[in-house]
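The next block holds one structure in the form of C-alpha cells; read it before the comments.
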Amino acid sequence: MKSISAVELQEKIKNGEKVHIIDVREDVEVAEGKIPEAKHIPLGDIPNSLEKLDKNKHYYMVCRSGGRSSSACEFLINQGYNVTNMTGGMLAWQGEIE
C-alpha cells in the first residue's frame, strides 16, 4: 500500500497540485475540522459509496491516526482504485504527532 506523510500532502496542496482527499472519520470527528479539500465518506459507508469515486483518479485517504484510512485503502485497492494512505492521520496534519 502506498503512503504519504501529512507534511508531504500539505506540500502538494501548497504547490497547487490537484489532490482528491477522502476523510473516512465519523461525522462528529469531521465536525471538529477537516482538510478543506477533503470529501467526507465515513469508513462504514465506503463499500456503498463506490459510485462517488472515479477509478481514473488518485485518492488520498485520511482518518484520525491512519488506521481506518489504511483499512479503507486495502478495501479500495481490492476494488481496483488508486489510493494512498496518509500516515498519522489528522493528528499528524494538525501537528499533534510527528
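Predicted, not measured: the structure shown is a model, and the values here were computed from it.
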Hey, does Trp93 have a side-chain heavy atom less than 4.5 Å from the side chain of Gln10? yes
With sequence neighbours left out, the residues meeting side-chain hydrogen bond (donor to acceptor under 3.5 Å, both in side chains) with Thr84 are His58
Looking only at heavy atoms, the pair that brings His20 and Lys18 closest together is CE1-CE, 3.9 Å
Sequence neighbours excluded and cut-off under 3.5 Å, please list the side-chain donor-acceptor pairs for residues 67-74, or say none.
{"from": "Arg68", "atom 1": "NH1", "to": "Glu29", "atom 2": "OE1", "distance (Å)": "2.8"}
{"from": "Arg68", "atom 1": "NH2", "to": "Glu29", "atom 2": "OE1", "distance (Å)": "3.4"}
{"from": "Arg68", "atom 1": "NH2", "to": "Glu29", "atom 2": "OE2", "distance (Å)": "2.8"}
{"from": "Ser69", "atom 1": "OG", "to": "Gly66", "atom 2": "O", "distance (Å)": "3.3"}
{"from": "Ser69", "atom 1": "OG", "to": "Asn85", "atom 2": "OD1", "distance (Å)": "2.4"}
{"from": "Ser71", "atom 1": "OG", "to": "Gly67", "atom 2": "O", "distance (Å)": "3.4"}

Quick note, salt bridge (charged side-chain N to carboxylate O under 4.0 Å, His left out) partners involving residues 35-62, not counting sequence neighbours, are none
Residue pairs meeting salt bridge (charged side-chain N to carboxylate O under 4.0 Å, His left out), one or both in residues 5-17, sequence neighbours left out, come to Glu11-Lys14, Lys12-Glu17
Grouping ILVMFWY residues whenever side-chain heavy atoms fall under 4.5 Å, the cluster of Leu76 otherwise contains Met1, Ile22, Val24, Ile41, Leu43, Ile46, Leu50, Leu53, Tyr59, Met61, Phe75, Ile77, Tyr81, Val83
dist Ser65:OG -> Met90:CE (nearest 0.5 Å) comes out at 12.0 Å
Less than 4.5 Å apart, side chain to side chain, heavy atoms only: is that true for Ile4 and Thr87?
no
Residues at least two apart in sequence or cross-chain that pass side-chain contact (heavy atoms from CB on, under 4.5 Å) with Ala38, listed by chain then number, are Ile21, Asp23, Lys34, Ile35
